[in-house]
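Only this structure's heavy atoms are used, side chains among them; waters, hydrogens and symmetry mates stay out. These numbers come from a predicted model, not from an experiment.
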Amino acid sequence: ESEQLFLFSANSTFSHLTKPLLAVAFLSSFGSSMLYGYNLAVVNSPAEYIKDFYNETMVERYDWIPDEELLTVLYALTVSIFAIGGMTGALLVGRLVTTYGRKGTLVRVTLLVFIGGALMGFSRRCRMPAMVILGRFITGVHSGISLSVVPMYLGEIAPKNLRGFLSLVPSIHICVGVFIAQVLGLSELLGKEEYWPLLLSLVVFPTIVQLMLLPWFPESPRYLLIEKGNIPATISALKWYRPKGNFQAEVDEMQEEQRSLSSVQTVSVWGLLRDRCVRWQVITIVVVNIGMQLSGIDAIWFYTNDIFKNAGIPEPHIQYTTVGTGAIEVISGMLGCFTIERLGRRPLMIGGFLFMGLCCSGITVSVILQAELPFMRYISVGCVVGIIAGFCIGPGGVPFLITAELFKQSHRPAAYTVAGCLNWLSNFTIGFVFPFLENATGPYCYLIFCVICLGVAVYTIFVIPETKNKTFMEISQMFAAKNNIPEEELTSNAHLKMAMMNGYGTLVE
(Lines give C-alpha, C1' and ligand atoms only; values in the text may rest on other atoms or scores of the structure.)
Protein backbone atom coordinates (compact mmCIF):
# COMPACT_ATOMS: atom_id res chain seq x y z
CA GLU A 1 0.00 0.00 0.00
CA SER A 2 2.83 2.42 0.91
CA GLU A 3 4.53 1.55 -2.39
CA GLN A 4 1.35 2.41 -4.32
CA LEU A 5 1.07 5.67 -2.36
CA PHE A 6 4.68 6.55 -3.28
CA LEU A 7 4.03 5.85 -6.98
CA PHE A 8 0.85 7.92 -6.89
CA SER A 9 2.68 10.78 -5.18
CA ALA A 10 5.52 10.63 -7.69
CA ASN A 11 3.13 10.51 -10.65
CA SER A 12 1.06 13.44 -9.38
CA THR A 13 4.18 15.46 -8.60
CA PHE A 14 5.78 15.08 -12.01
CA SER A 15 2.60 15.03 -14.09
CA HIS A 16 3.07 18.75 -14.89
CA LEU A 17 6.77 18.38 -15.74
CA THR A 18 6.96 19.31 -19.43
CA LYS A 19 9.96 19.23 -21.75
CA PRO A 20 10.15 23.07 -21.98
CA LEU A 21 10.18 23.35 -18.16
CA LEU A 22 12.90 20.73 -17.84
CA ALA A 23 14.90 22.29 -20.70
CA VAL A 24 14.89 25.81 -19.25
CA ALA A 25 15.77 24.48 -15.76
CA PHE A 26 18.81 22.62 -17.06
CA LEU A 27 19.84 25.35 -19.53
CA SER A 28 19.70 28.24 -17.04
CA SER A 29 21.53 26.15 -14.43
CA PHE A 30 24.11 24.79 -16.88
CA GLY A 31 25.38 28.24 -17.87
CA SER A 32 25.07 29.87 -14.44
CA SER A 33 24.85 27.66 -11.34
CA MET A 34 27.35 25.11 -12.67
CA LEU A 35 29.89 27.90 -13.14
CA TYR A 36 29.54 28.85 -9.48
CA GLY A 37 30.42 25.31 -8.38
CA TYR A 38 33.24 25.13 -10.94
CA ASN A 39 34.77 28.42 -9.76
CA LEU A 40 34.58 27.34 -6.11
CA ALA A 41 36.76 24.29 -6.72
CA VAL A 42 38.87 25.13 -9.78
CA VAL A 43 41.61 27.05 -7.94
CA ASN A 44 42.44 24.16 -5.59
CA SER A 45 44.37 22.00 -8.07
CA PRO A 46 46.62 24.68 -9.64
CA ALA A 47 47.33 26.49 -6.36
CA GLU A 48 51.11 25.97 -6.46
CA TYR A 49 51.31 26.82 -10.17
CA ILE A 50 49.46 30.10 -9.62
CA LYS A 51 51.82 30.99 -6.73
CA ASP A 52 54.82 30.18 -8.95
CA PHE A 53 53.39 32.45 -11.67
CA TYR A 54 53.02 35.31 -9.18
CA ASN A 55 56.60 34.73 -7.99
CA GLU A 56 58.04 34.65 -11.54
CA THR A 57 56.29 37.84 -12.67
CA MET A 58 57.44 39.77 -9.58
CA VAL A 59 61.01 38.70 -10.21
CA GLU A 60 60.74 39.69 -13.91
CA ARG A 61 58.97 42.99 -13.37
CA TYR A 62 60.42 44.28 -10.09
CA ASP A 63 63.58 42.19 -9.75
CA TRP A 64 62.33 41.24 -6.31
CA ILE A 65 61.75 37.79 -4.82
CA PRO A 66 58.59 37.79 -2.65
CA ASP A 67 58.54 35.69 0.51
CA GLU A 68 56.19 32.74 1.00
CA GLU A 69 53.87 34.76 3.23
CA LEU A 70 53.21 37.37 0.52
CA LEU A 71 52.57 34.66 -2.07
CA THR A 72 50.08 33.02 0.30
CA VAL A 73 48.31 36.35 0.80
CA LEU A 74 48.12 36.90 -2.98
CA TYR A 75 46.75 33.41 -3.51
CA ALA A 76 44.22 33.89 -0.67
CA LEU A 77 43.15 37.11 -2.37
CA THR A 78 42.75 35.22 -5.66
CA VAL A 79 40.47 32.69 -3.96
CA SER A 80 38.47 35.07 -1.76
CA ILE A 81 38.00 37.87 -4.32
CA PHE A 82 35.44 35.55 -5.95
CA ALA A 83 33.23 35.93 -2.84
CA ILE A 84 33.69 39.71 -2.86
CA GLY A 85 32.53 39.72 -6.50
CA GLY A 86 29.61 37.49 -5.51
CA MET A 87 28.50 39.91 -2.81
CA THR A 88 28.77 42.79 -5.30
CA GLY A 89 26.61 40.86 -7.77
CA ALA A 90 24.03 40.07 -5.08
CA LEU A 91 23.61 43.81 -4.42
CA LEU A 92 22.70 44.32 -8.08
CA VAL A 93 20.05 41.58 -8.28
CA GLY A 94 17.02 43.65 -7.26
CA ARG A 95 17.57 46.41 -9.79
CA LEU A 96 18.50 44.03 -12.62
CA VAL A 97 15.54 41.65 -12.32
CA THR A 98 13.10 44.55 -12.00
CA THR A 99 14.50 46.30 -15.07
CA TYR A 100 15.34 43.41 -17.39
CA GLY A 101 13.28 40.52 -16.00
CA ARG A 102 14.56 37.17 -14.80
CA LYS A 103 15.53 35.60 -18.11
CA GLY A 104 16.67 38.97 -19.49
CA THR A 105 19.10 39.38 -16.60
CA LEU A 106 20.57 35.88 -17.09
CA VAL A 107 21.15 36.56 -20.79
CA ARG A 108 22.76 39.98 -20.27
CA VAL A 109 25.16 38.99 -17.47
CA THR A 110 26.78 36.28 -19.64
CA LEU A 111 29.00 39.11 -20.89
CA LEU A 112 30.75 39.08 -17.50
CA VAL A 113 31.82 35.45 -17.96
CA PHE A 114 33.42 36.19 -21.33
CA ILE A 115 35.33 39.14 -19.87
CA GLY A 116 36.43 37.23 -16.76
CA GLY A 117 37.33 34.09 -18.70
CA ALA A 118 39.41 36.07 -21.21
CA LEU A 119 41.31 37.87 -18.45
CA MET A 120 42.21 34.62 -16.70
CA GLY A 121 42.94 32.74 -19.93
CA PHE A 122 45.43 35.32 -21.25
CA SER A 123 46.95 36.28 -17.88
CA ARG A 124 50.07 34.14 -18.23
CA ARG A 125 50.65 35.21 -21.84
CA CYS A 126 50.43 38.86 -20.76
CA ARG A 127 52.49 38.16 -17.59
CA MET A 128 49.95 40.00 -15.42
CA PRO A 129 48.82 38.41 -12.11
CA ALA A 130 46.25 41.19 -11.71
CA MET A 131 44.34 39.71 -14.67
CA VAL A 132 43.77 36.48 -12.70
CA ILE A 133 42.50 38.36 -9.66
CA LEU A 134 40.30 40.71 -11.72
CA GLY A 135 38.96 37.78 -13.74
CA ARG A 136 38.02 35.96 -10.53
CA PHE A 137 36.26 39.08 -9.25
CA ILE A 138 34.24 39.50 -12.47
CA THR A 139 33.19 35.84 -12.59
CA GLY A 140 32.24 36.24 -8.92
CA VAL A 141 29.92 39.13 -9.83
CA HIS A 142 28.27 36.85 -12.43
CA SER A 143 27.84 34.07 -9.87
CA GLY A 144 26.46 36.50 -7.28
CA ILE A 145 23.77 37.58 -9.74
CA SER A 146 22.93 34.19 -11.22
CA LEU A 147 22.91 32.35 -7.88
CA SER A 148 19.86 34.44 -6.93
CA VAL A 149 18.22 34.93 -10.33
CA VAL A 150 18.16 31.29 -11.48
CA PRO A 151 16.13 29.95 -8.49
CA MET A 152 13.92 33.05 -8.67
CA TYR A 153 13.24 32.42 -12.37
CA LEU A 154 12.59 28.69 -11.93
CA GLY A 155 10.45 29.25 -8.84
CA GLU A 156 8.22 31.64 -10.79
CA ILE A 157 7.75 29.53 -13.93
CA ALA A 158 7.13 26.25 -12.06
CA PRO A 159 3.70 24.92 -11.05
CA LYS A 160 3.43 24.87 -7.26
CA ASN A 161 3.80 21.07 -7.10
CA LEU A 162 7.11 21.26 -9.04
CA ARG A 163 8.58 24.37 -7.44
CA GLY A 164 10.83 22.38 -5.10
CA PHE A 165 12.06 19.99 -7.78
CA LEU A 166 12.91 22.69 -10.34
CA SER A 167 14.45 25.01 -7.76
CA LEU A 168 16.90 22.29 -6.69
CA VAL A 169 18.10 21.68 -10.26
CA PRO A 170 20.60 24.60 -9.82
CA SER A 171 21.93 22.90 -6.65
CA ILE A 172 22.65 19.72 -8.62
CA HIS A 173 24.50 21.79 -11.21
CA ILE A 174 26.58 23.44 -8.47
CA CYS A 175 27.63 19.96 -7.31
CA VAL A 176 28.30 18.95 -10.93
CA GLY A 177 30.45 22.09 -11.39
CA VAL A 178 32.54 21.21 -8.32
CA PHE A 179 32.92 17.63 -9.57
CA ILE A 180 33.97 18.71 -13.10
CA ALA A 181 36.59 21.11 -11.66
CA GLN A 182 37.99 18.31 -9.49
CA VAL A 183 38.13 15.85 -12.40
CA LEU A 184 39.70 18.33 -14.86
CA GLY A 185 42.21 19.32 -12.17
CA LEU A 186 43.66 15.81 -12.01
CA SER A 187 47.32 15.63 -12.99
CA GLU A 188 46.44 13.33 -15.91
CA LEU A 189 44.15 15.98 -17.46
CA LEU A 190 44.52 19.77 -17.00
CA GLY A 191 46.24 19.68 -13.61
CA LYS A 192 49.60 20.52 -15.16
CA GLU A 193 51.52 23.78 -15.01
CA GLU A 194 51.04 24.70 -18.68
CA TYR A 195 47.27 24.20 -18.54
CA TRP A 196 46.13 26.20 -15.50
CA PRO A 197 45.05 29.34 -17.47
CA LEU A 198 42.93 27.09 -19.70
CA LEU A 199 41.48 25.37 -16.63
CA LEU A 200 40.37 28.73 -15.18
CA SER A 201 38.94 30.03 -18.47
CA LEU A 202 36.85 26.98 -19.45
CA VAL A 203 33.84 28.73 -17.89
CA VAL A 204 33.15 30.44 -21.22
CA PHE A 205 32.01 27.25 -22.98
CA PRO A 206 28.85 26.51 -20.92
CA THR A 207 28.04 30.22 -21.18
CA ILE A 208 28.19 30.09 -24.98
CA VAL A 209 25.60 27.29 -24.97
CA GLN A 210 23.34 29.26 -22.62
CA LEU A 211 23.66 32.44 -24.66
CA MET A 212 22.74 30.61 -27.88
CA LEU A 213 19.63 28.89 -26.52
CA LEU A 214 18.19 30.73 -23.48
CA PRO A 215 16.97 33.84 -25.41
CA TRP A 216 14.48 31.59 -27.24
CA PHE A 217 12.65 30.78 -23.99
CA PRO A 218 9.93 33.06 -22.57
CA GLU A 219 10.27 35.40 -19.62
CA SER A 220 8.76 34.52 -16.23
CA PRO A 221 4.93 34.67 -16.54
CA ARG A 222 4.65 36.18 -13.05
CA TYR A 223 7.02 38.98 -14.01
CA LEU A 224 5.11 39.61 -17.26
CA LEU A 225 1.69 39.81 -15.59
CA ILE A 226 2.31 41.21 -12.11
CA GLU A 227 5.10 43.69 -12.88
CA LYS A 228 4.53 44.47 -16.58
CA GLY A 229 0.78 43.87 -16.85
CA ASN A 230 1.29 42.15 -20.20
CA ILE A 231 -1.57 39.64 -20.33
CA PRO A 232 -1.02 38.28 -23.88
CA ALA A 233 2.70 37.65 -23.19
CA THR A 234 1.79 35.94 -19.90
CA ILE A 235 -0.64 33.57 -21.63
CA SER A 236 1.90 32.88 -24.37
CA ALA A 237 4.60 32.07 -21.80
CA LEU A 238 2.29 29.75 -19.85
CA LYS A 239 1.31 27.95 -23.04
CA TRP A 240 5.00 27.51 -23.89
CA TYR A 241 5.83 25.96 -20.53
CA ARG A 242 2.59 23.95 -20.21
CA PRO A 243 1.46 23.08 -23.75
CA LYS A 244 -1.35 20.79 -22.58
CA GLY A 245 -1.93 22.13 -19.10
CA ASN A 246 -4.86 24.02 -17.63
CA PHE A 247 -3.25 27.11 -16.18
CA GLN A 248 -6.45 29.02 -15.35
CA ALA A 249 -5.90 28.60 -11.60
CA GLU A 250 -2.35 29.98 -11.92
CA VAL A 251 -3.57 33.02 -13.82
CA ASP A 252 -6.25 33.60 -11.19
CA GLU A 253 -3.66 33.37 -8.42
CA MET A 254 -1.33 35.79 -10.24
CA GLN A 255 -4.22 38.24 -10.72
CA GLU A 256 -5.04 37.99 -7.04
CA GLU A 257 -1.44 38.82 -6.15
CA GLN A 258 -1.35 41.61 -8.73
CA ARG A 259 -4.51 43.10 -7.24
CA SER A 260 -3.08 42.90 -3.70
CA LEU A 261 0.01 44.76 -4.95
CA SER A 262 -1.86 47.29 -7.11
CA SER A 263 -0.73 50.19 -4.92
CA VAL A 264 2.64 48.74 -3.95
CA GLN A 265 5.85 49.43 -5.86
CA THR A 266 8.77 47.00 -5.87
CA VAL A 267 10.19 47.21 -2.34
CA SER A 268 13.78 48.31 -1.69
CA VAL A 269 16.10 46.47 0.70
CA TRP A 270 15.55 49.14 3.35
CA GLY A 271 11.81 48.93 2.79
CA LEU A 272 11.95 45.15 3.16
CA LEU A 273 13.82 45.38 6.47
CA ARG A 274 11.28 47.90 7.83
CA ASP A 275 8.12 46.14 6.64
CA ARG A 276 6.42 44.52 9.64
CA CYS A 277 4.29 42.37 7.31
CA VAL A 278 7.35 40.28 6.39
CA ARG A 279 9.33 40.51 9.63
CA TRP A 280 9.49 36.76 10.31
CA GLN A 281 10.13 35.96 6.65
CA VAL A 282 13.18 38.25 6.73
CA ILE A 283 14.42 36.69 10.00
CA THR A 284 13.97 33.26 8.42
CA ILE A 285 16.09 33.99 5.34
CA VAL A 286 18.76 35.53 7.58
CA VAL A 287 18.89 32.41 9.78
CA VAL A 288 18.86 29.82 7.00
CA ASN A 289 21.34 31.61 4.70
CA ILE A 290 23.87 32.35 7.44
CA GLY A 291 23.27 28.92 8.97
CA MET A 292 23.88 27.20 5.64
CA GLN A 293 27.31 28.79 5.20
CA LEU A 294 28.35 28.55 8.88
CA SER A 295 27.30 24.89 9.13
CA GLY A 296 30.88 23.77 8.47
CA ILE A 297 30.38 22.85 4.82
CA ASP A 298 32.61 25.67 3.54
CA ALA A 299 35.38 24.71 5.96
CA ILE A 300 35.09 21.11 4.73
CA TRP A 301 35.24 22.19 1.08
CA PHE A 302 38.21 24.49 1.67
CA TYR A 303 40.27 22.03 3.74
CA THR A 304 39.22 18.54 2.59
CA ASN A 305 42.76 17.74 1.42
CA ASP A 306 44.25 18.56 4.84
CA ILE A 307 41.70 16.39 6.64
CA PHE A 308 42.36 13.45 4.31
CA LYS A 309 46.10 13.97 4.72
CA ASN A 310 45.74 13.83 8.49
CA ALA A 311 43.73 10.64 8.10
CA GLY A 312 46.81 8.95 6.65
CA ILE A 313 45.73 8.80 3.01
CA PRO A 314 48.86 8.75 0.80
CA GLU A 315 49.60 12.08 -0.89
CA PRO A 316 49.21 10.79 -4.51
CA HIS A 317 45.77 9.37 -3.67
CA ILE A 318 44.32 12.48 -2.06
CA GLN A 319 43.25 14.07 -5.37
CA TYR A 320 41.29 10.93 -6.27
CA THR A 321 39.67 10.83 -2.83
CA THR A 322 38.62 14.45 -3.29
CA VAL A 323 37.06 13.57 -6.66
CA GLY A 324 35.20 10.80 -4.84
CA THR A 325 33.66 13.34 -2.45
CA GLY A 326 32.63 15.36 -5.52
CA ALA A 327 30.80 12.33 -6.92
CA ILE A 328 29.03 11.88 -3.56
CA GLU A 329 27.92 15.53 -3.76
CA VAL A 330 26.32 14.99 -7.17
CA ILE A 331 24.51 11.80 -6.09
CA SER A 332 23.32 13.45 -2.86
CA GLY A 333 22.12 16.53 -4.72
CA MET A 334 20.06 14.36 -7.08
CA LEU A 335 18.57 12.50 -4.09
CA GLY A 336 17.52 15.81 -2.54
CA CYS A 337 16.03 17.00 -5.83
CA PHE A 338 13.80 13.95 -6.19
CA THR A 339 12.71 13.78 -2.53
CA ILE A 340 11.92 17.42 -1.75
CA GLU A 341 8.43 17.33 -3.24
CA ARG A 342 7.65 14.05 -1.48
CA LEU A 343 9.09 14.85 1.96
CA GLY A 344 8.75 18.65 1.94
CA ARG A 345 11.18 21.47 2.80
CA ARG A 346 11.02 21.22 6.60
CA PRO A 347 11.99 17.54 6.97
CA LEU A 348 14.96 17.94 4.61
CA MET A 349 16.21 21.03 6.45
CA ILE A 350 15.67 19.61 9.94
CA GLY A 351 17.13 16.20 9.10
CA GLY A 352 20.02 17.69 7.12
CA PHE A 353 21.12 20.14 9.83
CA LEU A 354 20.76 17.56 12.62
CA PHE A 355 22.81 15.02 10.67
CA MET A 356 25.49 17.61 9.84
CA GLY A 357 25.66 18.63 13.50
CA LEU A 358 26.13 14.99 14.47
CA CYS A 359 28.94 14.58 11.93
CA CYS A 360 30.67 17.80 13.10
CA SER A 361 30.73 16.47 16.66
CA GLY A 362 31.96 13.14 15.24
CA ILE A 363 34.97 14.89 13.66
CA THR A 364 35.87 16.46 17.01
CA VAL A 365 35.65 13.15 18.89
CA SER A 366 37.52 11.16 16.22
CA VAL A 367 40.38 13.67 15.96
CA ILE A 368 40.79 13.75 19.76
CA LEU A 369 40.86 9.94 19.98
CA GLN A 370 42.88 9.14 16.86
CA ALA A 371 46.22 9.26 18.75
CA GLU A 372 45.07 6.35 20.94
CA LEU A 373 42.81 4.66 18.38
CA PRO A 374 44.29 4.95 14.87
CA PHE A 375 41.12 3.65 13.19
CA MET A 376 39.31 6.82 14.36
CA ARG A 377 41.07 8.64 11.51
CA TYR A 378 38.79 6.86 9.09
CA ILE A 379 35.79 7.81 11.22
CA SER A 380 36.73 11.46 10.65
CA VAL A 381 36.84 10.83 6.89
CA GLY A 382 33.40 9.21 7.12
CA CYS A 383 32.11 12.27 9.02
CA VAL A 384 33.46 14.59 6.31
CA VAL A 385 31.60 12.56 3.68
CA GLY A 386 28.52 12.62 5.93
CA ILE A 387 28.58 16.42 6.21
CA ILE A 388 28.83 16.76 2.41
CA ALA A 389 26.03 14.24 1.80
CA GLY A 390 23.80 15.72 4.53
CA PHE A 391 24.27 19.21 3.16
CA CYS A 392 23.51 18.29 -0.47
CA ILE A 393 20.46 16.15 0.36
CA GLY A 394 19.10 18.53 2.97
CA PRO A 395 19.72 22.28 3.29
CA GLY A 396 21.97 22.69 0.23
CA GLY A 397 19.41 24.27 -2.11
CA VAL A 398 16.46 24.93 0.20
CA PRO A 399 17.46 28.49 1.29
CA PHE A 400 17.36 29.70 -2.33
CA LEU A 401 13.98 28.01 -2.80
CA ILE A 402 12.26 29.31 0.31
CA THR A 403 13.58 32.82 -0.36
CA ALA A 404 11.37 32.73 -3.47
CA GLU A 405 8.45 31.08 -1.65
CA LEU A 406 8.27 33.29 1.46
CA PHE A 407 7.84 36.58 -0.41
CA LYS A 408 5.37 38.04 -2.86
CA GLN A 409 6.43 39.60 -6.17
CA SER A 410 7.00 43.09 -4.76
CA HIS A 411 9.38 41.89 -2.01
CA ARG A 412 11.15 39.04 -3.80
CA PRO A 413 14.00 40.99 -5.52
CA ALA A 414 14.97 42.74 -2.27
CA ALA A 415 14.75 39.44 -0.37
CA TYR A 416 17.15 37.79 -2.82
CA THR A 417 19.52 40.75 -2.47
CA VAL A 418 19.57 40.35 1.33
CA ALA A 419 19.90 36.55 1.15
CA GLY A 420 22.64 36.72 -1.48
CA CYS A 421 24.70 39.27 0.43
CA LEU A 422 24.47 37.28 3.67
CA ASN A 423 25.35 34.09 1.81
CA TRP A 424 28.47 35.53 0.19
CA LEU A 425 29.55 37.47 3.30
CA SER A 426 29.33 34.30 5.39
CA ASN A 427 31.21 32.38 2.71
CA PHE A 428 33.99 34.98 2.73
CA THR A 429 34.10 35.08 6.54
CA ILE A 430 34.43 31.33 7.06
CA GLY A 431 37.17 31.15 4.42
CA PHE A 432 39.26 33.67 6.31
CA VAL A 433 38.37 32.87 9.93
CA PHE A 434 38.49 29.05 9.88
CA PRO A 435 42.32 28.66 9.74
CA PHE A 436 42.71 30.96 12.76
CA LEU A 437 39.79 29.28 14.53
CA GLU A 438 41.32 25.86 13.95
CA ASN A 439 44.72 27.03 15.22
CA ALA A 440 43.13 28.49 18.35
CA THR A 441 40.69 25.71 19.25
CA GLY A 442 41.98 22.63 17.41
CA PRO A 443 39.35 19.96 16.74
CA TYR A 444 36.91 21.71 19.08
CA CYS A 445 36.18 24.25 16.34
CA TYR A 446 33.80 21.71 14.78
CA LEU A 447 31.67 21.88 17.94
CA ILE A 448 30.90 25.51 16.99
CA PHE A 449 29.54 24.27 13.65
CA CYS A 450 27.61 21.59 15.52
CA VAL A 451 25.89 24.20 17.72
CA ILE A 452 25.01 26.33 14.68
CA CYS A 453 23.51 23.31 12.87
CA LEU A 454 21.41 22.37 15.91
CA GLY A 455 20.28 25.98 16.32
CA VAL A 456 19.05 26.24 12.73
CA ALA A 457 17.27 22.87 13.06
CA VAL A 458 15.46 24.07 16.21
CA TYR A 459 14.49 27.35 14.50
CA THR A 460 13.10 25.39 11.54
CA ILE A 461 11.04 23.17 13.85
CA PHE A 462 9.39 26.06 15.69
CA VAL A 463 9.19 28.86 13.10
CA ILE A 464 9.32 27.75 9.45
CA PRO A 465 6.05 26.31 8.08
CA GLU A 466 5.87 23.70 5.32
CA THR A 467 5.52 25.49 1.97
CA LYS A 468 5.13 22.46 -0.27
CA ASN A 469 2.20 22.79 -2.73
CA LYS A 470 1.28 26.23 -1.37
CA THR A 471 0.76 29.34 -3.50
CA PHE A 472 2.77 32.49 -2.72
CA MET A 473 -0.37 34.14 -1.36
CA GLU A 474 -1.13 31.16 0.91
CA ILE A 475 2.42 31.23 2.29
CA SER A 476 2.12 34.96 3.04
CA GLN A 477 -1.12 34.27 4.92
CA MET A 478 0.61 31.49 6.92
CA PHE A 479 3.06 34.09 8.29
CA ALA A 480 0.35 36.67 8.97
CA ALA A 481 -0.28 35.40 12.53
CA LYS A 482 3.44 35.39 13.39
CA ASN A 483 3.76 38.97 12.13
CA ASN A 484 0.56 40.03 13.99
CA ILE A 485 -0.96 41.15 10.69
CA PRO A 486 -4.69 40.59 9.96
CA GLU A 487 -5.00 38.52 6.77
CA GLU A 488 -7.27 41.21 5.28
CA GLU A 489 -4.30 43.60 5.17
CA LEU A 490 -2.40 41.20 2.92
CA THR A 491 -4.93 41.64 0.13
CA SER A 492 -5.78 45.28 -0.39
CA ASN A 493 -8.76 45.72 -2.70
CA ALA A 494 -9.83 42.20 -1.70
CA HIS A 495 -13.47 43.32 -1.76
CA LEU A 496 -13.26 43.92 -5.50
CA LYS A 497 -14.38 41.08 -7.71
CA MET A 498 -11.39 39.66 -9.53
CA ALA A 499 -11.51 39.61 -13.32
CA MET A 500 -11.52 36.09 -14.64
CA MET A 501 -9.66 34.80 -17.68
CA ASN A 502 -10.51 31.94 -19.94
CA GLY A 503 -7.86 29.60 -21.33
CA TYR A 504 -7.10 31.94 -24.23
CA GLY A 505 -6.32 35.01 -22.16
CA THR A 506 -9.58 36.82 -22.89
CA LEU A 507 -11.01 38.79 -20.00
CA VAL A 508 -14.39 37.59 -18.80
CA GLU A 509 -16.54 40.11 -16.98
Taking only residues two or more places apart in sequence, or in another chain, which ones meet [X] in a side chain to side chain contact (heavy atoms under 4.5 Å, CB included)?
| X | result |
| --- | --- |
| Ile180 | Met34, Tyr38, Val176, Leu184 |
| Trp240 | Pro20, Phe217, Pro218 |
| Val451 | none |
| Val209 | Leu27, Phe30, Leu213 |

As an exercise, state the distance from [atom1] of [X] to [atom2] of [Y], rounded to the nearest 0.5 Å.
| X | Y | atom1 | atom2 | answer |
| --- | --- | --- | --- | --- |
| Ile328 | Cys175 | CD1 | SG | 11.5 Å |
| Ile464 | Leu406 | CD1 | CG | 7.5 Å |
| Ser80 | Tyr75 | OG | OH | 10.5 Å |
| Leu422 | Leu294 | CG | CG | 10.0 Å |
| Ser146 | Leu35 | OG | CG | 7.0 Å |
| Thr417 | Leu92 | OG1 | CG | 8.5 Å |

Minimum heavy-atom distance [X]-[Y], with the two atoms named:
| X | Y | value |
| --- | --- | --- |
| Leu21 | Pro159 | CD1-CD, 3.8 Å |
| Phe353 | Ala457 | CB-CB, 4.0 Å |
| Ala25 | Val169 | O-CG1, 3.8 Å |
| Met349 | Val398 | SD-CG1, 3.3 Å |
| Val456 | Gly291 | CG2-CA, 3.8 Å |
| Gly31 | His142 | O-CE1, 3.8 Å |

Taking only residues two or more places apart in sequence or in another chain, which ones pass side-chain hydrogen bond (donor to acceptor under 3.5 Å, both in side chains) with [X]?
| X | value |
| --- | --- |
| Thr207 | none |
| Tyr459 | Thr284 |
| Asn230 | none |
| Ser32 | Gln210 |

A side-chain contact here means heavy atoms from C-beta on lying under 4.5 Å apart; do [X] and [Y] qualify?
| X | Y | answer |
| --- | --- | --- |
| His411 | Cys277 | no |
| Tyr36 | Pro170 | no |
| Val97 | Tyr416 | no |
| Thr403 | Val288 | no |
| Val24 | Tyr241 | yes |
| Pro221 | Ile157 | yes |
| Val93 | Leu96 | no |
| Glu329 | Phe179 | no |

Tyr153 and Glu219: CA distance, side-chain angles, deciding distance, side-chain contact (heavy atoms from CB on, under 4.5 Å) verdict: CA-CA 8 Å; Tyr153 181 37; Glu219 183 54 81; 4.3 Å; yes
Within 6.0 angstrom of Phe114 CZ, more than 12 heavy atoms from elsewhere: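 Yes, the 6.0 Å shell around CZ holds more than 12 heavy atoms from other groups.
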Residue pairs, two or more places apart or on separate chains, that pass salt bridge (Lys or Arg N to Asp or Glu O under 4.0 Å) and touch residues 137-156: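 Output for this query lists Arg102-Glu156, Glu156-Arg412.
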Backbone N/O of Arg95 and side chain of Thr98: donor-acceptor pair under 3.5 Å: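 Not at all, since once roles are kept as given, no pair shorter than 3.5 Å links the two residues.
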Expected output: side-chain Arg108 to main-chain Gly104 donor-acceptor under 3.5 Å: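 A pair under 3.5 Å: yes.
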Test of ring centre spacing under 6.0 Å for His173 and Phe26: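 That pair passes the under 6.0 Å test.
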Trp196: partners by ring pair (Phe, Tyr, Trp, His ring centres under 6.0 Å), with sequence neighbours left out: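 Partners of Trp196 under the ring pair (Phe, Tyr, Trp, His ring centres under 6.0 Å) test: Phe53.
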side-chain contact (heavy atoms from CB on, under 4.5 Å) between Met292 and Ile297, intermediate numbers included: CA-CA 8 Å; Met292 180 177 72; Ile297 187 65; 5.5 Å; no
Considering only distance and modelled atom types, tabulate donor-acceptor pairs under 3.5 Å from the side chains of residues 128-141, sequence neighbours left out.
{"residue": "Arg136", "atom": "NE", "partner": "Thr78", "partner atom": "O", "Å": "3.1"}
{"residue": "Arg136", "atom": "NH1", "partner": "Asn39", "partner atom": "O", "Å": "2.8"}
{"residue": "Arg136", "atom": "NH2", "partner": "Val79", "partner atom": "O", "Å": "3.2"}
{"residue": "Thr139", "atom": "OG1", "partner": "Gly135", "partner atom": "O", "Å": "3.0"}
{"residue": "Thr139", "atom": "OG1", "partner": "Arg136", "partner atom": "O", "Å": "3.0"}

Phe449 and Tyr446 aromatic ring geometry - parallel, tilted or perpendicular at 30°/60° bounds: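 Ring orientation of Tyr446 relative to Phe449: perpendicular.
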Check against side-chain contact (heavy atoms from CB on, under 4.5 Å), Leu272 and Asp275: CA-CA 5 Å; Leu272 175 78; Asp275 190 348; 5.8 Å; no
Taking distance alone, no hydrogens or angles, what donor-acceptor pairs closer than 3.5 Å link side-chain atoms of residues 199-206 to residues at least two apart or in another chain?
{"residue": "Ser201", "atom": "OG", "partner": "Pro197", "partner atom": "O", "Å": "3.0"}
{"residue": "Ser201", "atom": "OG", "partner": "Leu198", "partner atom": "O", "Å": "3.2"}

Step-by-step side-chain contact (heavy atoms from CB on, under 4.5 Å) determination, Ile145 to Leu106: CA-CA 8 Å; Ile145 295 169; Leu106 289 176; 5.9 Å; no
